[in-house]
Amino acid sequence: MKQFKNIVPKAVGFFLMFTVLCGFVYTGILTGIAQLLFPDKANGSIIEVNGKKYGCELLGQQYTDEAHMWGRIMNIDVSTYKDEDGKILMYAVPSNLSPASEEYEALVAERVEKLRAANPDEQETPIPVDLVTCSGSGLDPHISPAAADYQVARIAKANAMTEEEVKSIIEKCTENRFLGIFGEKTVNVLKVNLMLDGILTA
């Protein structure tokens, strides 16, 4: 019993000490460092122009009109829940269909037909695979440079721009490989569309 009484205060002391160190001190230091060195990323990588927030550059948004660049396929699940501003919440989820299934094959064929109809100048150009498939998260904000180039003619025509102007915007929104060697070059769809709308500048 005496031994138990000696252990309890020490155990409680260690519990409180590590709660303060790991729960407050450590977290506070890392948060402070992140805010100091990477404030944009620490706060959600939000694209904000003149006080208005247009979205996170790390999360995809769905565009289906001719004047904007289309991103990866998004399976939108509209929630019945609303946020604090009363807006209905939407979620994008990855597809769980097998690539070998007939249903998946039909979905891809439907997407190909839609892209061909929207981009009549590219009938002979192979459609980049990332334009007809979902990403693993269902929220990928990037597409390949080939997928971006596939849409240039349509975007230029819909915005009364030259193809060179559209390609220039795409180039400004193209992100290089990590450390120059890992991964592939990618194009941020949201940034391209905000630049097409004149909201974002280089």
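For clarity, every value in this text was computed on a predicted model and none was experimentally measured.
- Trp70 contributes no side-chain N or O that, together with a main-chain N or O of Ala148, makes up a donor-acceptor pair within less than 3.5 Å.
- Put simply, the side chain of Gln151 reaches to within 4.5 Å of the side chain of Ile143, judged on heavy atoms.
- At distances below 3.5 Å, at least one donor-acceptor pair connects side-chain atoms of Asn188 with backbone N or O atoms of Glu57.
- Applying the 6.0 Å contact sphere to CD of Glu102 captures no more than 12 heavy atoms from other residues, nucleotides or ligands.
- One finds the NZ atom of Lys167 at 9.5 Å from the OG1 atom of Thr162 (value rounded to the nearest 0.5 Å).
- Between the side chain of Arg116 and the main chain of Gln123, a donor-acceptor pair closer than 3.5 Å is present.
- Proximity of a side-chain donor or acceptor of Ser168 to a complementary backbone N or O of Glu164 within less than 3.5 Å is not detected.
- Between the side chain of Gln61 and the main chain of Tyr54, a donor-acceptor pair closer than 3.5 Å is present.
- The distance from the CD1 atom of Ile169 to the CG atom of Leu200 is 10.0 Å, given to the nearest 0.5 Å.
- Atom CG of Asn119 and atom CD1 of Ile127 lie 8.0 Å apart (nearest 0.5 Å).
- Formation of a donor-acceptor pair under 3.5 Å by the Ser144 side chain with backbone atoms of Thr186 is not found in this model.
- Atom-to-atom distance recorded for Ile73:CD1 and Lys114:NZ is 7.0 Å, nearest 0.5 angstrom.
- Proximity of a side-chain donor or acceptor of Arg154 to a complementary backbone N or O of Glu66 within less than 3.5 Å is detected.
- Interatomic distance, Glu163 CD to Lys157 NZ, rounded to the nearest 0.5 Å: 9.0 Å.
- No side-chain heavy atom of Ile155 sits less than 4.5 Å from a side-chain heavy atom of Met161.
- To the nearest 0.5 angstrom, Met69 atom CE is 12.5 Å from Leu194 atom CG.
- The closest donor-acceptor contact from the side chain of Arg111 to the backbone of Leu131 lies at 3.5 Å or more, if one exists at all.
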**Request:** For the pair Asp197 and His68, evaluate side chain to side chain contact (heavy atoms under 4.5 Å, CB included) and give the outcome as yes or no after the intermediate values.
**Result:** CA-CA 9 Å; Asp197 291 336; His68 290 99; 2.8 Å; yes

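- Annotation: side chain of Cys173 is in contact with side chain of Val192 (closest heavy-atom distance under 4.5 Å).
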